[in-house]
Trainee: 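Please find one structure pasted underneath; my questions will follow.
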There are 2 protein chains.
Amino acid sequence: MTLHKKQPTIRDIAKLAGVSYQTVSLVINNKPGVSEKTRRQILRLMEEMDYRPNRAAQTLTTSRSKTLELIIVDVRYGGYLAHSTKNMAHAATEAGYSLLVSETDAEGLEAALESALSRMVDGIVLSGPRLRIEDEALKAMSRGIPLVRRDYVPSSSLAWVGFDQVHATRLAVEHLLSLGHRQIAAIPPTSELHNGYWRYSAMRSVLGEHGLSLGPVAEGDYSIGSGYAAAKQILATGQPFTALIVGTDGMALGAMRALREAGLRIPDDVSVVSYDNAELAQYTEPPLTTVEFKFSKQDELCIQYLVELIANPALELHQRVLTPNLIVRESTRALSSVAGGS
Amino acid sequence: MTLHKKQPTIRDIAKLAGVSYQTVSLVINNKPGVSEKTRRQILRLMEEMDYRPNRAAQTLTTSRSKTLELIIVDVRYGGYLAHSTKNMAHAATEAGYSLLVSETDAEGLEAALESALSRMVDGIVLSGPRLRIEDEALKAMSRGIPLVRRDYVPSSSLAWVGFDQVHATRLAVEHLLSLGHRQIAAIPPTSELHNGYWRYSAMRSVLGEHGLSLGPVAEGDYSIGSGYAAAKQILATGQPFTALIVGTDGMALGAMRALREAGLRIPDDVSVVSYDNAELAQYTEPPLTTVEFKFSKQDELCIQYLVELIANPALELHQRVLTPNLIVRESTRALSSVAGGS
DNA sequence: CCACCTTACTTGACCGTTCAATATCATAAC
DNA sequence: GTTATGATATTGAACGGTCAAGTAAGGTGG
């Protein structure tokens, strides 16, 4: 009935090998000071005895747990987090770490960080697309644990890795302008989200540069349904538009259905641009012109940066901005009745 | 420059409170034997000193880490895992555990389990939809750590939580039969996947019960693109079919595009049924009739079952089969030229 | 007033590692 | 034949908790 037949310890191995426990420790940590012969013997014994070091004990003495933690704050529609944890877990393993994942809301963040501290986590990736917090507050809460935000937060001068939302928006807007569109409607992610906020303001400023202003707008929340609802709302205003910028491919799917239900053809009557370049984007009807975000790159980079930061905590914090690019498909076309773009 | 200003320990608190360290330990663990007055004082001091117990030390003495681990094996298209880790992380936190996530392939499984052992993980959720392993081998590898598989694996008598793939298939097939369809094609997930295998065999047996046999078949791999390719392949056979069963909503999206490209209308020429009931399914053109899997329920149940198993390791292992149900939308319709179903 | 029980608290050992300091020994240098 | 040297191995303390057994003080019953 005894399931756990007590793991052998470093001392058991030492006894069998006829050496002291410290020698075994040296072998475990690949440190010099052990003859090749004993090293080999000890390794063989470890194998035989099915020994494996106790991480808790190691953590206790070294104060490093070889663990990273991904804290997800207030993510409602986690579609874009789809492969994220998988990617990060993989990257973490490659780097010799394990990945802890926790999910919480803004209020719970402090508790999550406390728990991380309690577990002596070596570093934290924070994904909080709608989290507003002062750098100082966050720094205080994380109490010196290296932390990288997986978000585009220009307001922060702490470490973060995000996609350039302003450039992304410029790509979308200028693409439409070059096709001759002048009346542009939009379904940005809710402005509670950092990217929603930045995209919205970037849309206005880029259009402003061209002496234009933004047409009807309704926010979405990342769900397909919200894209549908937002498009309905925009249509209800009765304001004219020849192009629509939608926050995600998923929302674009919803929006296009609403447009179609209103008798509008895409791209003949309305051009649609979205963001993400999910696999979905190739298979909508018509395939979507979209601004590509390479999320897997972002995930990898977060871990990579975090690992650097752990190795060298004195490193000056900086921000890594990933540049998206536009993928043109069939949901956009030049406005026919107007002189084409430059 | 010293970032970590050394955490206070149980003994620091004890000294300040003028009691022994053991008394503080009792307070931490909510155990009796401490007067209300001292308890309060100690709690106040802990708060003030910003003390929090060191998990590594606790783990070392108690041999329980209050950690669960999700091991993802050989998941290529993790779309359906999208919210899984988030859900599980949440459920784990509720139950007082942290969640570790690791990603590997079949060869790496042993190493992943070793690492879990090393970390004294209290329980494991294994998601390996294409993992074929003998119960005995798995039991040996997990060395007594409670383990629950998050897959439909009828071949295993260990603990697992999965959706009844046979029933799911019966729902899809009988729905089509009742609509008068007799020539049914299919794009099941690759038979390397457990659910692919079971769905395929269930389709054949259910049809067999009705004296029918399965039409053209091509496997998909969960990606939208594979649905597209598979449909093309089926069309290329030239074999007639009036209905198509597709493994996931995503693949159905791809498949429907291929059908449309071939000039076929849905559901007028071909009825389509898929599985999952992702949000996507409501927004395809036309909306999909689909077999609903409540993944979040599965995730929760895995954690819940695991926690039970940890509390009572002697518990007899069993399997929890979730029953899916059919959601009828507009991608299926009765075959017009044939006498309707019973 | 003594035995006995409770309640509140203390003590020492231990969990399985790492770290710093120290010992041993063969070999080379002088 | 000392002595320095480097490689190899050992020892004791520490990390921050928990656990089991023990003690001291106060109350109760006979």
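Residue numbers start from 1 in every chain, and the chains themselves are labelled A, B, ... in the order their sequence lines are given, proteins ahead of strands. Only heavy atoms go into these numbers, but all of them, side chains included; no hydrogens, no water, no symmetry mates.
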Trainee: How would you give the extent of chain B contacts on DNA chain C, as first and last nucleotide 5' to 3' within a 4.0 Å heavy-atom cut-off?
Mentor: C:dA8 to C:dG16

Trainee: Taking only Lys NZ, Arg NE, NH1 and NH2, and the carboxylate oxygens of Asp or Glu, determine whether B:E110 and A:R52 approach each other closer than 4.0 Å.
Mentor: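 Judged by the 4.0 Å cut-off on N to carboxylate O distance, B:E110 and A:R52 do not form a salt bridge.
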
Trainee: Assess whether a salt bridge exists between A:R320 and A:E308, defined as any Lys/Arg side-chain N lying under 4.0 Å from an Asp/Glu carboxylate O.
Mentor: yes

Trainee: Check the distance between D:dC15's P and B:D12's CG and give it to me in whole angstrom.
Mentor: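 Value for this atom pair: 10 Å.
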
Trainee: Would you kindly say whether B:S296 and B:N87 are connected by a side-chain donor-acceptor distance under 3.5 Å?
Mentor: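 There is no such pair between these side chains.
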
Trainee: Calculate the interatomic distance between A:N29 atom CG and D:dA9 atom P; express it in whole Å.
Mentor: 16 Å

Trainee: Looking at every strand, decide which applies to B:Q22 at a 4.0 Å heavy-atom threshold: base, sugar-phosphate, or nothing.
Mentor: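 Base, at least one base heavy atom under 4.0 Å.
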
Trainee: Establish whether the base of D:dG12 is bridged to the side chain of A:Y21 by a donor-acceptor pair shorter than 3.5 Å.
Mentor: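 Side chain to base: pair present.
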
Trainee: Search all heavy atoms of A:S98 against all heavy atoms of B:L100 and return the closest pair with its distance.
Mentor: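 Nearest pair, atom of A:S98 first, then B:L100: CB-CD1, 4.1 Å.
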
Trainee: Heavy atoms under 4.0 Å, any strand shown: does B:T23 hit a base, just sugar-phosphate, or nothing?
Mentor: base

Trainee: Both B:S63 and A:S25 contact DNA chain C. Which one's nearest nucleotide lies toward the 5' end?
Mentor: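 Its nearest nucleotide being more 5', the pick is B:S63.
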
Trainee: Considering non-hydrogen atoms only, spot the tightest contact between B:Y305 and B:H318 and give its length.
Mentor: OH-N, 2.8 Å

Trainee: Rounded to whole angstroms, how far apart are CG on B:L26 and P on D:dA21?
Mentor: 15 Å

Trainee: Do A:F163 and A:F293 make the cut of ring centroids closer than 6.0 angstrom?
Mentor: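 Yes - the distance between ring centres of A:F163 and A:F293 falls below the 6.0 Å cut-off.
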
Trainee: Starting at atom CG of A:L117, determine the distance to atom P of D:dG17, rounded to an integer number of angstrom.
Mentor: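 So the CG-P distance, A:L117 to D:dG17, works out to 12 Å.
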
Trainee: Check A:R143 with B:D50, please: is the shortest side-chain N to carboxylate O separation under 4.0 Å?
Mentor: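 Looking at A:R143 together with B:D50, the answer is yes, because their closest N to O distance falls below 4.0 Å.
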
Trainee: Using a strict threshold of under 4.0 Å (side-chain N to carboxylate O), is an ion pair present between B:K294 and B:E300?
Mentor: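 Looking at B:E300 and B:K294, the cut-off is not met.
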
Trainee: Just to confirm, is there a sub-4.0 Å distance from OP1 or OP2 of D:dT18 to any side-chain nitrogen or oxygen of B:K31?
Mentor: no

Trainee: Quantify the bending of the helix from C:dC1-D:dG30 to C:dC30-D:dG1 as the angle between its end axes, each fitted on five pairs, to 10°.
Mentor: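 Helix axis angle between the two ends: 50°.
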
Trainee: Reckon A:T38 has a side-chain N or O less than 4.0 Å from the OP1 or OP2 of D:dA9?
Mentor: yes

Trainee: Whole Å only: how far is the CD atom of A:Q41 from the P atom of D:dT8?
Mentor: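 Those two atoms, CD and P, are 15 Å apart.
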
Trainee: Under 4.0 angstrom, heavy atoms only, what part of the nucleic acid is A:R11 near: base, sugar-phosphate, or nothing?
Mentor: base

Trainee: Take A:P32 and B:R52, find for each the nucleotide of DNA chain D with the closest heavy atom, and name the residue whose nucleotide sits nearer the 5' end.
Mentor: A:P32

Trainee: So among A:V125, A:V161, A:L70, which one has a side-chain contact (heavy atoms from CB on, under 4.5 Å) with A:I303?
Mentor: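 Among A:V125, A:V161, A:L70, the one that satisfies the side-chain contact (heavy atoms from CB on, under 4.5 Å) with A:I303 is A:V125.
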
Trainee: Taking the side chain of A:S35 as heavy atoms from C-beta outward, which of D:dT10, D:dT8, D:dA20 is closest to it?
Mentor: D:dT8

